[in-house]
Amino acid sequence: MAKKIRDIPSINKVLEHPEIVELIHRYSLNNVSDLVRNIVSDIRKDVLAEKLEPSLQLIVSNTKNLAEEKWNYSPVAVVNATGVLIHTNLGRSSLSASAINSMSVAAGDYTNLEYDLSHGKRGSRQNFVSTLINQLTGSEASTVVNNNASAMLLALAAISSNKEVIVSRGESVEIGGGFRIPDVLKLSNAKIVEVGTTNRTYAKDYLNAVSENTGAILVVHASNFKQTGFVHSPTITELVNIGAEKGIPVIHDLGSGCFVDTTQFGLPPEPTPKESIINGVEIAMFSGDKLLGGPQCGIIAGKKDVIEKLNRHPLYRAIRIDKVNLAGLTTTLLHYIQENHLEQIPVLKMISQTESDLRMRSIHLQKSIGKSLKVVKGYSTIGGGSMPGETLPTWLLAIPGEEKSKMIFDLLRKSNPPVITRIENDMVLLDPRTVLPKYDGVLISIISKILS
Ligand SMILES: *Cc1c(COP(=O)(O)O)cnc(C)c1O
């Protein structure tokens, strides 16, 4: 036993190993020697417990693995072959080439973020972007914050703090990640007044709930779940009419900021901010990184005096949009203004890919890899809490792995870059719709290698 302990290489010996020297170049002597010390002490315990033979090579490979796990970049690029377009766990929307370029400029250069170049004095980071939002949604004014969740918090805190907010029981929901409407209302100091029932709420339910303490009517778009059957909810117009009669603002949370007519892709209509504004809501709010296809942000569009109130609220500063996302957003909005959004914005390009194009892509992958791959009909989904239950027809590349499916699925996930897939009916399925075309070649070599 004593001999085995003596056989454990010294820290210095480990630090002189060529592979560790290379690691030190990358991660610094301090970091690597801390790691080696911890690993050697763990190994010493295992050797004492007679679970392990002392080995220099084991220490070196453990150190390398742990260093890479701890200090490599994250997030890393992954290939999204899941067929879920706005995959929240995989970072939601991929941005257009020009949006990426403007984000890189904003990150690396000084910019006129809050500097008025025509007058040589302090400006506002909202001026340029809000002009674009107003043009696209028909709003009087608009402002952008960190995400839609914070937009909702700001709106409620500024408009209805210490007042009652009327919400349908069918819309007092959880958006995701524990973000629940009743909790947001509590956090913004508003008192929730729930009306109607889970499945049916009428305009008169709202009307009956109005009191002298009512601060707002809140409408939350059911974005991540679907009610069918015996259901009813009033139209936005009905609620706006009640609001106008009683002097109460209507706040509309649309979830996914959709700027296109989704019926052109065979999908059901998704409410747009423009319709909401035309219908007369006080403010409409939505995410920038769902169907809009931009970076993470929350956009609030509506009446001028309310937007000014939001911009002056102390919470605004705590949740304001950063310069990099702002640059990505303005460039994304410019695509809609230049009417090249369907060609330039990846999420819209993915949605509008035709079945025959997808079939050709899958067949190309199948032919290039050979083996016993199949091309089967399947369905892509929108995701990101948008359009629950709705699908787009696609053609999947299927690896009939049988009992090895789980292993193939894991190997794909552990490859470089990681490929994220799904398993159905003992087959590993890859949907080309969500795979950025630049990865087709990479996919071919990764799958070929795994199957050989
Ligand atoms: C997604 C969503 C939110 C939250 O938006 P984030 O941008 O993720 O903060 C809020 N409300 C609705 C209805 C949503 O669908």
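Atoms within each ligand, like the ligands themselves, are counted from 1 in listed order. We're numbering straight along the sequence, starting at 1.
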**Q** Hey, is Lys304 close enough to Glu308 for a salt bridge, meaning N to O under 4.0 Å?
**A** yes

**Q** Write out each pair where an N or O from ligand 1 and one from the protein are under 3.5 Å apart, with the distance.
**A**
unit_1: ligand 1; atom_1: 5 (O); unit_2: Ser287; atom_2: OG; d: 3.1
unit_1: ligand 1; atom_1: 7 (O); unit_2: Asn148; atom_2: N; d: 3.0
unit_1: ligand 1; atom_1: 7 (O); unit_2: Ser287; atom_2: OG; d: 2.6
unit_1: ligand 1; atom_1: 8 (O); unit_2: Arg92; atom_2: NH1; d: 3.0
unit_1: ligand 1; atom_1: 8 (O); unit_2: Arg92; atom_2: NH2; d: 3.0
unit_1: ligand 1; atom_1: 9 (O); unit_2: Asn147; atom_2: ND2; d: 3.4
unit_1: ligand 1; atom_1: 9 (O); unit_2: Asn148; atom_2: N; d: 3.2
unit_1: ligand 1; atom_1: 9 (O); unit_2: Ala149; atom_2: N; d: 2.8
unit_1: ligand 1; atom_1: 11 (N); unit_2: Asp253; atom_2: OD1; d: 3.3
unit_1: ligand 1; atom_1: 11 (N); unit_2: Asp253; atom_2: OD2; d: 2.6
unit_1: ligand 1; atom_1: 15 (O); unit_2: Ser223; atom_2: OG; d: 2.6
unit_1: ligand 1; atom_1: 15 (O); unit_2: Lys290; atom_2: NZ; d: 2.8

**Q** Please check: side-chain N/O of Ser130 versus main-chain N/O of Asn127, any donor-acceptor pairing under 3.5 Å?
**A** yes

**Q** Between Ser256 and Leu291, is there a donor-acceptor pair closer than 3.5 Å when you use the side chain of the first and the backbone of the second?
**A** yes

**Q** Answer with yes or no after comparing the ring centroid distance for Tyr202 and His232 against a 6.0 Å cut-off, counting only values under it.
**A**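 Yes; His232 has its ring centre under 6.0 Å from that of Tyr202.
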
**Q** Would you mind checking if Glu282 and Lys303 are paired as a salt bridge, meaning a charged N to carboxylate O distance below 4.0 Å?
**A**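 Judged by the 4.0 Å cut-off on N to carboxylate O distance, Lys303 and Glu282 do form a salt bridge.
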
**Q** To the nearest 0.5 Å, how far apart are CD1 in Ile319 and CG in Asn147?
**A**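 The CG atom of Asn147 is 8.0 Å from CD1 of Ile319, to the nearest 0.5 Å.
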
